[in-house]
Amino acid sequence: MADGLLATAGFGGDARAAFSTLLRVGRLSLPYRASLALMLVGNLLAASAGLALPHLLGEAVDQLSRPGQGPASLVRLAMLLAAAVAARGLFQMLASFSGERVGQLVARDLRLAYFDALQRLGHGFHDAIDPGDLITRGMLDIEGVRGFIEMGVQRLLQITLLTTAGAVVLVAADPVMAVATLACVPLIAWRAGRMGLQLRIAWTRLQREMAVLTRVMEENLHGSRVVRAFSATAHELSRFDAASGRALALSDDRIRVRARAMASINASFYAAMLAVLGVGAWRIEAGMLTLGELTLCLAFMTVLQLPVRQMSMVMNSAARAVSSGQRVFDILDRSPVVDDTEATQQLPAQDWALVFDRVRFRHAADGPWVLDDISFTLSPGRTLGIVGASGSGKSTIAALAARLYDPDAGRVTLGGIDLRDASLSAVRGTVHVVQQDLFLFDDAARRNIDYARPDIGQAAVRDAAAVAQLDDHVARLPEGYDTRVGERGSALSGGQRQRMTIARGLIADPRILILDDATSALDSATEAAFRDALVARDPGRSTILISHRLTSLAHADEILVLDRGRIVERGTHRQLVERGGRYAALDRHQRGIVGPVAEAAE
Amino acid sequence: MSAVQDPREAAFALYQGPILPRLRPFARLHRRLLLAAVVAILASTATQLAFPSLLRSATDALTGKAGALSMPAVLTVFVIAIIANAAANLASDILAARFAQRLIFDLRRAMFAHLQQLPMSFIDRTHVGRVMSRLQGDVNALQEFLETSIIAVGDFVLLVGIAIVLLLLDWQLALVCLTLLPGLAIVRALWLPRARRTFARAREWSSIVNGALAENIAGVRVVIGTRREAENLRRFAQLAETNRIAQTEASLAAQTMTPIVDTLTGLAMMGTVAGGAWLLGRGIIDLGVLVAFIFYVQRFFDPIRTVAQQYTMLQRATTAAQRIFEVLDAPVTLSDRPDAIDPGGIEPSIVFENVSFGYRPDRPVLHGVDLAIAPHESVALVGPTGSGKSSIAALVRRLYEVDDGAVQIGGHDVRDLTDAALGRIIATVLQEPYLFTSTVAENIRYARTEASDAAVIEAARAVGADAFIRALPQGYATLLDRSGRNLSLGERQLISFARALVADPAILILDEATASIDSLAEAKIQAAMRVLLKGRTSIVIAHRLTTVRDCDRIVVLKDGRIAEQGAPAELLEQGGLYADLHRRAGASFDELAV
């Protein structure tokens, strides 16, 4: 009904979407019936106590204007007045506190659902979205939704209760005066609703421009070396000023929308008071009304005044809840592309051969094939090398092996079981990818290594670090394995960070270890030592090595040369060098033998 | 707030000083707007105060008091008051919010401009996300506070106005109400210390929860790869629940004020009615005054009611403002000397004279380095990680200040040259090609915005980037994003080469510019490099053999000292580190065995 009202007021179809988002926000609070009931009862009692106020005041004025009344009844009235106001405060507190409690409960639920959704949504989703945006949604947007539940809902309820109950009381007392008193309410509600929608539009525009400003600042900070290298500060400031100026202009729009609406809402309120006064005066002179009854109507309006004044806050919070709610629900409503199927099969404990069978994959249905007709078998204890230009699909093979994506055609099997039929958890426990981009948590070195098995113990941590050729270094740090690592200015060099991510991968003892360009910063000697330690620790483990550096791959049992998603050459290092193709040319180039690599690569 | 600082924010010195004096210079810029806003707020308060008085006049008219205004006259004044109130309201809302907005935007600009001046060593120690949270989050918190405090100021002015009007109407009755104010002050003084602790705890927990969320987002790939989802959700649920309890306690503390204020309002009303009746009975006041009193008293306590809300906001704003001033207070240690010159064209020679340098005083990186590079010579710097290659490049551009010795360009100490001059003479290409969200053409002319389209295309063609740029959907007008998803790494690096070519510097520094390029794309990059280096003095930092062997001279660094130098062929004969590396075919210099 309300959205119909909004639509007829000329707000278009956007109102419907906005309203359904608000409803959904409201529904989040339904599980907390007890608190909601307390909020409702509190509001009801506060409204009743609030409405007693005009009555008592009217009564007092009537008694005072009739000389000769005894003081005893007046003192009783005065005490009732004090009691009513105090009771209103108490019930208001109950109502507000219950409302805020529900708001916090909903915020917690949303936070957990959001956290859960982000973990479930997987690589494809996270590749395409800016992490800063995700953080903003989790911080500010959830707060925006909460703000509406605890304040918007609360005040809307308050004003509705006050006007309906007030209407009943007033109509019973004097219908004409009731009309004069309450005529402003629908007008104010309509104006406030319109302001809400206008504010939403203004906010959306402003947020868009603020996002540009954020981007300008962020790029400037990330690229501060480039900015400084070219002395481009003046240019950067002009970029900032342009974006900032546009945002400021839009912000002025928002201020104007709110100020105009509030001015007209206030004016309607006082106009209603004027009407009450005018009509009341006329009726008093006609002998149909007492001065006390007029005071009752006027006092009733004063009770309404604070909620009316807070209307802009309510509308602001509703507008924010709509845009914030949409941004949060947008994430919650996505279903993971890769998900556990119903028929989950056990992975075999012994034979964990990894087979790619004519696999094709692309990121978008109309995009180019990232992998095209990829087939290989990796038997237990063997090593597969993959080499190719960036963008040739090397990392995608790793992602498919750990089922971070599903193939579009063909299949990936582990011990004969299609990965789609096994549980995600089993697959990722068997296959571990050490990623190219290093990420360390801002925590102790120990916590970074035992991340997959937090309860595994010091010995296993040092063991994994030793295989990754890192134990000596970490043990020598001032605080040893308790040294904080992560972010900038850490105690580790690039190569050491890389080895720490390798140790983290080893801790869970995966059957298949994939090193996606994860040894690039290791010198040859360290790399060889790592390789030996890896084999010595578990000869049965299979390894996929992805690298640009052919020396890293030379010992592999099979090497695949990828180009634009296809396998163009395959074989052992010796076979490939003898063949004299692309791999051989690359080998000559890397050995420093000047040769026509470019021609060979075409 | 606590004076304990997050160690990860240690780049900023803690600021705990007062806020308002610091805001004054910013406010002064919009003095007229502020003045107009103050006038409008006063006008709006005055018109609001008029309404209960008009009710008094109406009562007087209705009770037929002698000398009262007639009812139509009262109603006419009422209409005028409505119009005046609406106009004053509109003006005060708009002017005050605009003032707050401008203050905020100016503050943000001051921070941004200041960040441009800060030395590179400062930027290195900060995390972009954390600086951004000051530029956005803290600025927003302050904005929210300023906007609501304008309403609060209006409320306070109203409170004072009501008190004055009450005293004027009847001082005896006014005193009955005003005696309650000290009671309120006492209650607030009792409430504040307890509430402050709960509020601080709530803020702390909120930042803990947000921090945990942010870290899980940043490391989500690791979380998925190590199957930590369930464990992390369990831990996060604990944090979220503790946070919820802390927030709920804070809300209870804030709400306690409501019944207290309302009880006081009730007592004031009781006093008004009882006292008013007594005064009325003795003929000291008339009914009109009493009615006006009743309506004034109802509004009197409204401002006090929002005090708890204001208080939390004030706390947040104070912390936010302090964090903003910490950015503004970060010292600019590297600026142009007052007598710095821009010599125009100079001979592009580079001399390091006994240069010592460290990013931190206790960890020197370079130890007394002497190095002379002749005009148009190309010198390769090689050596293991941490040997000081990049530091030498950064010192030439004066991104840092030497601790000892001097760096000279064309015979001038770099400290005697303006930053603008250095920027024109020297261009740097970094390992990670950094592209801005803008068109290809704008990115290429980044260093010289006035460069013509023809110059842009010529540069792109020279480095072999023209063909792939033209193949893009909108050619040179194609929008790039920072992550550069629409281009390969090699292509992005070629664009940054073209950018350096358009800058046409006399001295060029390639800081690991080929390190991220895979070998298959390297050939193209090397061809482009030869174009780029022609006719310039250059420093090439690389850890690949293939990149450095074309240079005139190779300087091998180890532990911040020059270990050996000479033409590539000479070094091979000497049989030192370089020759050793050359023997281990394909290896990189990166973690060169010690």
Structural part of B/T449 lying under 4.5 Å from a heavy atom of chain A: side chain
Is B/R448 atom CZ crowded by more than 12 heavy atoms from other residues, nucleotides or ligands, each under 6.0 Å away? yes
What residue, out of A/L81, A/D517, A/L80, has the most heavy-atom pairs lying under 4.5 Å from chain B? A/L81
Are any of the side-chain heavy atoms of A/W282 and B/M71 separated by less than 4.5 Å? no
Return the CG to CG distance between A/L294 and B/L62, rounded to the nearest 0.5 Å. 6.5 Å
Can you name the closest pair of heavy atoms from A/A82 and B/L267 and give their distance? CB-N, 4.3 Å
Can you see which heavy atom on B/A237 is nearest to which on A/L112, and at what distance? CA-CD2, 3.4 Å
Determine whether B/R244 and A/D109 satisfy the following criterion, salt bridge (Lys or Arg N to Asp or Glu O under 4.0 Å), listing intermediate values before the conclusion. CA-CA 10 Å; B/R244 186 192 69 78; A/D109 294 349; over 6 Å; no
Tell me, side chain or backbone of A/A281 under 4.5 Å from chain B's heavy atoms, or both, or neither? both
So for A/M262, is it side chain, backbone, both, or neither that comes closer than 4.5 Å to the heavy atoms of chain B? side chain
Less than 4.5 Å to any heavy atom of chain A: does that hold for the side chain of B/V209, its backbone, both, or neither? side chain
Would you indicate whether the side-chain heavy atoms of A/R256 and B/I94 approach each other to under 4.5 Å? yes
Tell me, out of B/Q116, B/R424, B/Q101, B/R228, who's got the most heavy-atom pairs with chain A below 4.5 Å. B/R228
Determine the option with the most heavy-atom pairs under 4.5 angstrom with chain A, choosing from B/I426, B/I509, B/I294. B/I294
A/L94 vs B/Q255 side-chain heavy atoms within contact, under 4.5 Å: no
Per-residue tally against chain B (heavy atom, under 4.5 Å) across A/A263, A/A83, A/G223, A/G122 peaks at A/G223
Taking every non-hydrogen pair under 4.5 Å, which of B/G281, B/A214, B/A500 racks up the most with chain A? B/A214
Of all of A/D116, A/V433, A/L277, which one pairs up most often with chain B through heavy atoms under 4.5 Å apart? A/L277
Which heavy-atom pair separates B/G219 from A/F439 by the least distance, and what is that distance? CA-CE2, 3.3 Å
If you tally heavy-atom pairs under 4.5 Å between each of B/T428, B/L75, B/V74 and chain A, the highest tally belongs to B/L75
Polar side-chain atom of A/H432 near backbone of B/T226 as donor-acceptor pair, under 3.5 Å: no
Answer with side chain, backbone, both or neither: which region of B/A218 has an atom nearer than 4.5 Å to a non-hydrogen atom of chain A? both
Does A/Y270 reach the side chain of B/I83, with side-chain heavy atoms less than 4.5 Å apart? no
To the nearest 0.5 Å, what is the distance between OG1 on B/T258 and CD on A/Q92? 7.0 Å
B/L233 portion near chain A, given a 4.5 angstrom heavy-atom threshold: both
Quick check: do A/F115 and B/I217 have side-chain heavy atoms less than 4.5 Å from each other? no
Which one of B/D93, B/V273, B/L90 has the most heavy-atom pairs closer than 4.5 Å to chain A? B/L90
Heavy-atom contact with chain A under 4.5 Å, split by part of B/T63: side chain
Report which part of B/L55 has an atom under 4.5 Å of a heavy atom belonging to chain A: side chain, backbone, both, or neither. side chain
Atom group of B/L252 that falls short of 4.5 Å from chain A, counting heavy atoms: both
Side chain A/R428, main chain B/R227, donor-acceptor under 3.5 Å: no
Can you check side-chain contact (heavy atoms from CB on, under 4.5 Å) on B/M269 and A/L56, steps first, answer last? CA-CA 11 Å; B/M269 281 196 178; A/L56 294 168; over 6 Å; no
Closest approach of B/V220 and A/L118, non-hydrogen atoms and distance? CG2-O, 3.9 Å
Measure the shortest side-chain to side-chain distance between B/R109 and A/L237 over non-hydrogen atoms and say whether it is less than 4.5 angstrom. yes
Heavy-atom proximity to chain A below 4.5 Å, by part of B/N243: side chain
Could you have a look at A/A452, A/A107, A/A87 and say which one has the most heavy-atom pairs with chain B under 4.5 angstrom? A/A452
Among B/A88, B/A212, B/G225, the residue with the most heavy-atom pairs under 4.5 Å to chain A is B/G225
Comparing A/E285, A/E150, A/R254 against chain B, the one with the most heavy-atom pairs below 4.5 Å turns out to be A/R254
Quick one: closest heavy-atom pair of A/Q435 and B/R221, and the distance? NE2-CB, 4.3 Å
Would you say the side chain of A/Y451 lies within less than 4.5 Å of the side chain of B/V223, judging by non-hydrogen atoms? yes
Taking side chain as everything from C-beta outward and backbone as N, CA, C, O, which of these in B/L399 sits under 4.5 Å from a heavy atom of chain A? Side chain, backbone, both or neither. side chain
Compare all side-chain heavy atoms of A/E236 with those of B/Y446 and state whether any distance is below 4.5 angstrom. yes
d(B/L287 CG, A/T295 OG1) to nearest 0.5 Å is 7.0 Å
Closest heavy-atom contact between B/I82 and A/A267? CG2-O, 4.1 Å
Under 4.5 Å from any heavy atom of chain A - which part of B/I104: neither
Could you tell me which portion of B/R98 (side chain, backbone, both or neither) has an atom closer than 4.5 angstrom to a non-hydrogen atom of chain A? both
Using heavy-atom distances under 4.5 Å, tell me whether B/D419 contacts chain A through its side chain, its backbone, both, or neither. both
Check against salt bridge (Lys or Arg N to Asp or Glu O under 4.0 Å), B/E241 and A/R108: CA-CA 7 Å; B/E241 176 60 12; A/R108 182 203 58 192; 2.5 Å; yes
Please classify the contact of B/A86 with chain A as side chain, backbone, both or neither, using a heavy-atom distance under 4.5 Å. both
Look at the side chain of B/Y434 and the backbone N and O of A/E219, then say whether any donor-acceptor pair between them is shorter than 3.5 Å. yes
Taking side chain as everything from C-beta outward and backbone as N, CA, C, O, which of these in B/F51 sits under 4.5 Å from a heavy atom of chain A? Side chain, backbone, both or neither. side chain
